[in-house]
Amino acid sequence: MTATDTILYYVHDPMCSWCWGYRPTWGQLRSALPGHIEIANVMGGLAPDNDQSMPADLQLTIQGHWKNIQATLGTEFNFDFWLRCRPRRDTYKACRAVVTAAAYGLEEAMIESIQRAYYLRAMNPSEPETLAQLAGEIGLDEASFAQELLSGETEAEFQRQLDLASQLGANRFPSLVLKTNQAIRPITLDYLDHSVSLGEICAQ
């Protein structure tokens, strides 16, 4: 493997609750990876744009996912979100926010900001106003960000990432896929033990 042809794709969505649960282990894996491996975030996009309020039964289903992750992984969630916000099944805007921030070298900062806003601060990243506020908090100009969020360039890059996620066969989030030379293979993801993934990656 060489520095030019080894890429670890992390396919996820900033509003995916299992991705939030995986965040600590993902950080450990990133820190342990050999330096020659390039890491590439890929926005998988859980739910397309939708201005309709989330049905009550779906709200209960997702709250159930949060409780399961909390019990399984010990992940912190603020359930006030379901009382304070108008939930929508819409994660594409948050994905575009990550794409927009990436142009300024703030991709990781935006991912973390969205996750913390959604899961800890009871804020709704499905709202463009929320995303603009978060952009300001990480050092971007809110007005410029709001415009770029809707730009053709942002949409084109987001669509490229959606297509890439499909090409990689990443049909669940989060997913890890390793590209070496012309070979592409999924990597086992353990939510509590980064060494499982690390062992497979280093064996390539």
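Along the sequence shown, residues carry numbers from 1. Values in this document were obtained by computation on a predicted structure and should not be read as measured data.
Shortest non-hydrogen contact noted between R86 and S53 is NH1-OG, 2.9 Å. Minimum interatomic distance between R84 and A122 (heavy atoms only, all atoms of both residues): NH1-CB, 3.7 Å. Nearest approach of N41 to Q161, heavy atoms of both residues: O-OE1, 3.8 Å. Closest approach of S175 and A170 over heavy atoms only: CB-CB, 3.9 Å. S126 approaches P128 most closely through the heavy-atom pair O-CD, 3.7 Å. Scanning all heavy atoms of the two residues, the minimum distance from L198 to P34 falls at CD1-CD, 4.4 Å.
Remark: the backbone N or O of S195 is not paired with any side-chain donor or acceptor of D190 at under 3.5 angstrom. No donor-acceptor pair under 3.5 Å is formed between the side chain of E38 and the backbone N or O of L8. In this structure, E107 contributes its side chain and A101 its backbone to no donor-acceptor pair below 3.5 Å.
Considering only heavy atoms from C-beta on, Y92 stays 4.5 Å or farther from E155 through its side chain. Considering only heavy atoms from C-beta on, I37 stays 4.5 Å or farther from I7 through its side chain. The shortest side-chain heavy-atom distance between L131 and I114 falls under the 4.5 Å cut-off. A heavy-atom distance below 4.5 Å is found between the side chains of I201 and I187. For the pair E108 and I111, the minimum side-chain heavy-atom distance is below 4.5 Å. Between M123 and C85, every side-chain heavy-atom pair lies at or beyond the 4.5 Å cut-off. Counting heavy atoms from C-beta outward, K93 and D49 have side chains that approach closer than 4.5 Å. Put simply, the side chain of P14 reaches to within 4.5 Å of the side chain of C95, judged on heavy atoms.
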Exercise for review: May I have the step-by-step check of side-chain contact (heavy atoms from CB on, under 4.5 Å) for V11 and F173, ending in yes or no?
Suggested key: CA-CA 6 Å; V11 187; F173 308 139; 3.7 Å; yes
Practice item. Before giving the answer on side-chain contact (heavy atoms from CB on, under 4.5 Å), spell out for L178 and I184 the whole-Å C-alpha distance, their side-chain angles and the decisive distance to 0.1 Å. Key: CA-CA 6 Å; L178 188 69; I184 296 175; over 6 Å; no
Exercise for review: Evaluate the criterion side-chain contact (heavy atoms from CB on, under 4.5 Å) for residue pair Y9 and L164; output intermediate values, then yes/no.
Suggested key: CA-CA 10 Å; Y9 293 105; L164 177 57; 3.8 Å; yes
Practice item. For the pair E157 and M43, evaluate side-chain contact (heavy atoms from CB on, under 4.5 Å) and give the outcome as yes or no after the intermediate values. Key: CA-CA 10 Å; E157 172 58 19; M43 295 295 103; over 6 Å; no
Check: residues 61-71 side-chain donor-acceptor pairs under 3.5 Å, at least two apart:
| from | atom 1 | to | atom 2 | distance (Å) |
| --- | --- | --- | --- | --- |
| T61 | OG1 | D57 | O | 3.0 |
| Q63 | NE2 | Q59 | O | 3.4 |
| N68 | OD1 | T72 | OG1 | 3.2 |

Side chains of residues 134-153: which donor-acceptor partners sit under 3.5 Å, not counting sequence neighbours?
| from | atom 1 | to | atom 2 | distance (Å) |
| --- | --- | --- | --- | --- |
| E137 | OE1 | R121 | NH1 | 2.9 |
| E137 | OE2 | R121 | NH2 | 3.1 |
| E137 | OE2 | Q133 | NE2 | 3.1 |
| D141 | OD2 | A143 | N | 3.3 |
| D141 | OD2 | S144 | N | 2.8 |
| D141 | OD2 | S144 | OG | 3.0 |
| E148 | OE1 | Y104 | OH | 2.9 |
| E148 | OE2 | Y104 | OH | 2.5 |
| S151 | OG | E148 | O | 2.9 |
| S151 | OG | T154 | N | 3.1 |
| S151 | OG | T154 | OG1 | 3.1 |

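The line from CE of M15 to CG of L46 is 9.0 Å long, rounded to the nearest 0.5 Å. To the nearest 0.5 angstrom, L33 atom CG is 7.0 Å from C202 atom SG. A distance of 8.5 Å separates CD of E127 from CG of D90, quoted to the nearest 0.5 Å. Interatomic distance, N78 CG to L83 CG, rounded to the nearest 0.5 Å: 9.0 Å. Rounded to the nearest 0.5 angstrom, L176 CG and I39 CD1 are separated by 9.5 Å. For the atom pair OG1 (T25) and CZ (R30), the distance works out to 13.5 Å, reported to the nearest 0.5 Å.
Taking the six-membered ring where tryptophan is involved, the planes of F79 and F77 are tilted, since the angle between them lies from 30° to 60°.
Put simply, the residue from Y119, Y191, W26 that forms a ring-ring contact (aromatic ring centres under 6.0 Å, His included) with W18 is Y191.
Looking at T91 and D13, their side chains do bring a donor and an acceptor atom within 3.5 Å of each other. For the 3.5 Å distance criterion, the side chains of D193 and Q28 fail to qualify, holding no donor opposite an acceptor. Side chains of Q52 and R88: no donor on one and acceptor on the other come within 3.5 Å.
Residues passing the salt bridge (charged side-chain N to carboxylate O under 4.0 Å, His left out) test with E76, sequence neighbours excluded: none.
The 12-atom threshold is not exceeded at CZ of R172, counting heavy atoms of other residues, nucleotides or ligands nearer than 6.0 Å.
Using a cutoff of 4.0 Å between basic side-chain nitrogens and carboxylate oxygens, R23 and E112 are scored as salt-bridged.
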